Amino acid sequence: GHIRDLPKGAKEVPAKYKGEDWAYLGVNVEDDFEPVYIVPKDKKSQVTKLKQALKEAEDLLLATDEDREGEAISWHLCEVLKPKVPVRRLVFHEITREAIEEALEHPRGIDEALVRAQETRRILDRLFGYEVSPLLWRKIRPKLSAGRVQSVAIRLIVDRERERMAFRSATWWDLLGDFATERSERLQATLVRLEGKRLPTGKDFDPRTGKLRQDDLVLLDEPAARALADRLRSAEFRVVKVEDRPFTMRPAAPFTTSTLQQEANRKLGFTARRTMQVAQNLYENGYITYMRTDSTNLAQVAVDAARDLVRSQYGDDYLPERPRQYQSKVKNAQEAHEAIRPAGHPFKLPESVQGELDRDAFRLFELIWKRTIASQMADARGHRVTITIAGGGAEFQVSGKTIDFPGFLRAYVEGSDDPDAELADQETLLPRVREGESLEVLGFEPKSHTTQPPPRYSEASLTRTLEELGIGRPSTYAAIIDTIQARDYVFKKGNALVPTWTAFAVVRLLEEHLPSLVDYQFTAQMEDYLDAISRHEAEH
DNA sequence: CAGTGAGCGAGCTTCCGCTTGACTT
């Protein structure tokens, strides 16, 4: 990790800067934002060890991560160690024999522009944090904090709470029609249209007023729904349309830190913190690859191992002709490592390691194993059938889903934030009917529906949103969630993150007086600028 | 002269991102 950093406060600033106005920042804002670097106390012993080792070395190999922070670590090492022997910078994105040997044959120098980009990022975060936090101490309460990442995180949560407070629910009614086919099979369908006009769904209501957004829809109340049910009992119904559409589903990409935390939260109920602790343990004991990564890429040996397992466990039908490659769709991905996957070749089977692992570790390992294997399996194939039934001026519809070939679903189904949607994902089989077939009416049941306010963020959905906005890094997602709770901005209610009044006060103050700093695009714009620095196109 | 309370000044809080070993309970 980093062995040098800005001083934490005025106390750690070297004596010659002690009296300066900017000492508390550790950045000379009076002279071109020159940063002051120190070796923190807990890193001194590491630096001593490195210096000792360097004395007997004929060569210095810098093999830190190939990303912005990793490049900076290499640069700081050179600054501190002042090596007199030749220095080579090695880069590899996976810890495999092949990758390391390759790296040894193609060393490079330190990329100074990338180092300047990191330094800029560090200074910006310090200035934001150490200038804005004291403002909150004076205006709201001591010990509060603000920062490029945490302040946007609480703004997301407060914004969602505002939407919930402004929310006005709406209630509407429809009918569940119960029919029998010519072969006496039961068929239930929902009223979707009446006299040519569509019935509303939840999306048709404005969440702030509870009123319909358009007026060409049929809004039924309870008496109207009951009257309609009575009237339709004597109507004649026919199948007017049977739509049959094939579909395929692709497996999800292998895990990154963010997706692992989300899935472990949804499927195992782990907090981000617990997921990372368990993963760290699995990593240190050689069960999985590195757990702080934003890459979905698999090393060639891992692809081979996964494909071997697919063939032996599920058979050739489940193996795609060619290995699958996953593109990172995440903004600002730096891809210094592989995806998170079982270590080694071949992968150990979960059953074979169950005895060596505690319950948490086993469940997380199994999740990683299945996701990795599934990512190299064939698409699932099926078809979706939609039946439309008409009679008495009313139109009913029902959809069913059939899986013809499960493919990767044999190994892994991605979890969902929305349990209803997950239920709807299950296979639903419909009786066979033909267009024009007449149906017997068994009855109509009026059903009421109420719109729901937008849900609060969970740890999983907050992490996903931050990642989508390019905010935070794999090593910090879990820490962000801890920080906003430690500062009393947010508390957990079950899985939900609920903002406190302090959070409302802080967000409102920042929105009113420092709007650009809490803009959701602030980090994305910063990243664009840092990229320009690393391409030598902008001043740091 | 002792005890009390008001007033003042000094010192502290805080960022993000990379990591693992040291320390406490």
Side-chain angles (χ1 to χ4, degrees), chain A residues 1-13 18 22-27 29 35 37 39-50 62-77 114-115 117-154 257 276-277 279-281 283-285 290-294 332 334 336-337 466 470-484 486-489 502 506 510 514 517-518 522-523 526-527 530:
Chain A
H2 281 289
I3 48 107
R4 270 205 326 180
D5 193 10
L6 301 175
K8 255 175 60 86
K11 256 200 316 203
E12 288 183 7
V13 174
K18 269 264 159 60
W22 48 266
Y24 72 103
L25 289 172
V27 177
V29 290
Y37 289 118
V39 178
K41 213 177 179 69
D42 60 331
K43 295 293 155 64
K44 289 233 157 85
S45 69
Q46 192 65 16
V47 169
T48 313
K49 274 190 231 166
L50 288 169
L62 298 167
T64 55
D65 295 348
E66 187 175 33
D67 58 17
R68 204 161 57 212
E69 298 297 326
E71 205 67 21
I73 293 169
S74 276
W75 178 78
H76 279 295
L77 282 166
L114 197 52
V115 175
Q118 189 277 343
E119 193 163 55
T120 305
R121 195 279 305 156
R122 182 68 190 90
I123 294 169
L124 184 152
D125 282 331
R126 169 54 62 90
L127 295 180
F128 186 148
Y130 274 37
E131 294 288 35
V132 180
S133 298
L135 176 73
L136 301 184
W137 304 340
R138 291 195 299 274
K139 295 294 178 190
I140 297 176
R141 177 144 65 74
K143 297 188 183 179
L144 293 178
S145 61
R148 173 175 56 83
V149 171
Q150 59 169 293
S151 295
V152 171
I154 64 168
T257 303
M276 292 315 280
Q277 270 166 3
Q280 175 94 25
N281 233 299
Y283 167 65
E284 287 177 1
N285 291 299
Y290 194 58
M291 64 280 150
R292 290 187 273 268
T293 177
D294 55 17
N332 309 329
Q334 302 196 21
H337 302 273
L466 289 174
I471 298 170
R473 302 281 311 136
S475 66
T476 61
Y477 294 130
I480 294 164
I481 290 164
D482 289 348
T483 298
I484 59 179
R487 298 278 177 276
D488 192 31
Y489 288 140
T502 313
V506 167
L510 295 177
L514 300 164
L517 294 187
V518 287
F522 184 87
T523 292
M526 177 194 79
E527 290 286 345
L530 297 183

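Quick caveat, the model's predicted, so the values are computed rather than measured. Numbers restart at 1 for each chain; the letters A, B, ... are given by sequence-line order, proteins then strands.
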Indicate the atoms forming the closest heavy-atom contact of A:P40 with A:I3, along with that distance.
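Taking every non-hydrogen atom into account, CD-O, 3.5 Å.
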Closest non-hydrogen atom pair, A:L25 against A:Y130
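It is CD2-CB, 3.7 Å.
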Is [X] touching bases, backbone alone, or none of the nucleic acid, heavy atoms closer than 4.0 Å?
X: A:G9; result: nothing
X: A:L127; result: nothing
X: A:R473; result: sugar-phosphate
X: A:K8; result: base
X: A:R122; result: base
X: A:A479; result: nothing

Ring-base stacking, A:W137 with B:dT14 (5.5 Å, 30° cut-offs)
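No, the aromatic ring of A:W137 does not stack with the base.
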Going by ring centres under 5.5 Å and near-parallel planes (under 30°), is A:Y130 stacked on B:dT14?
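It does: the two rings, one from A:Y130 and one from B:dT14, meet the stacking criterion.
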Looking at A:R138, I'd like to know whether one of its side-chain N or O atoms comes within less than 4.0 Å of OP1 or OP2 on B:dT13.
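For B:dT13, OP1/OP2 do not have a side-chain N/O of A:R138 under 4.0 Å.
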Does B:dC15 have its OP1 or OP2 closer than 4.0 Å to a side-chain nitrogen or oxygen of A:S145?
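A:S145 to B:dC15 OP1/OP2: side-chain N or O found under 4.0 Å.
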From [atom1] of [X] over to [atom2] of [N], roughly how many Å is that when rounded to an integer?
X: A:E66; N: B:dC18; atom1: CD; atom2: P; result: 15 Å
X: A:D482; N: B:dC15; atom1: CG; atom2: C1'; result: 16 Å
X: A:Q118; N: B:dG17; atom1: CD; atom2: C1'; result: 8 Å
X: A:D5; N: B:dG17; atom1: CG; atom2: C1'; result: 9 Å
X: A:R487; N: B:dT13; atom1: CZ; atom2: P; result: 11 Å
X: A:L517; N: B:dC16; atom1: CG; atom2: P; result: 12 Å
X: A:F128; N: B:dC15; atom1: CZ; atom2: P; result: 11 Å
X: A:H76; N: B:dC18; atom1: NE2; atom2: C1'; result: 11 Å

How far does CD of A:Q150 sit from OG1 of A:T476, to the nearest 0.5 angstrom?
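OG1 of A:T476 is found 11.5 Å from CD of A:Q150.
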Is there any protein nitrogen or oxygen under 3.5 Å from a nitrogen or oxygen in nucleotides 19-21 of chain B, and what are the pairs?
unit_1: B:dT19; atom_1: OP1; unit_2: A:Y290; atom_2: OH; d: 2.5
unit_1: B:dT19; atom_1: OP2; unit_2: A:Y290; atom_2: OH; d: 2.8
unit_1: B:dT19; atom_1: OP2; unit_2: A:R292; atom_2: NE; d: 3.0
unit_1: B:dT19; atom_1: O5'; unit_2: A:Y290; atom_2: OH; d: 3.4
unit_1: B:dT20; atom_1: OP2; unit_2: A:Q280; atom_2: NE2; d: 3.3
unit_1: B:dT20; atom_1: OP2; unit_2: A:R292; atom_2: NH2; d: 3.4

I want to verify a distance call: between B:dC16, B:dC18, B:dT13, whose nearest atom is closest to the A:R121 side chain?
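Given the options B:dC16, B:dC18, B:dT13, the side chain of A:R121 is closest to B:dC16.
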Dot-bracket for DNA chain B, please, read 5' to 3', with Watson-Crick or G-U wobble pairs under 3.5 Å on both distances, ( ) within the strand, [ ] crossing, | other strand, . unpaired.
.........................
Distance only, no hydrogens: is a donor on one side chain within 3.5 Å (strictly under) of an acceptor on the other, for A:E69 and A:Q118?
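Yes - a donor-acceptor pair under 3.5 Å links their side chains.
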Any donor and acceptor pair, going by atom type alone, linking the side chain of A:Q280 with main-chain N or O of A:M276 inside 3.5 Å?
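Checking the backbone N and O of A:M276 against the side chain of A:Q280, no donor-acceptor pair under 3.5 Å is found.
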Checking A:T257 side chain against A:M291 main chain: does a donor-acceptor pair fall under 3.5 Å?
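Pair found, side chain donor or acceptor close to backbone of A:M291.
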Which of parallel (below 30°), tilted (30 to 60°) and perpendicular (above 60°) describes A:Y290 and A:H337?
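Judged by the thresholds at 30° and 60°, the geometry between A:Y290 and A:H337 is tilted.
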Pair A:D5 + A:R122, salt bridge at N-O below 4.0 Å
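Yes.
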Could you tell me whether A:E119 and A:R68 make a salt bridge, using a distance below 4.0 angstrom between a side-chain N and a carboxylate O?
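Looking at A:E119 and A:R68, the cut-off is not met.
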Specify the residue among A:A10 and A:T476 whose closest nucleotide of DNA chain B lies further upstream toward the 5′ end.
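The answer here is A:A10.
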Does NZ belonging to A:K41 count more than 12 external heavy atoms closer than 6.0 Å?
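At most 12 heavy atoms, drawn from other residues, nucleotides or ligands, come within 6.0 Å of this atom.
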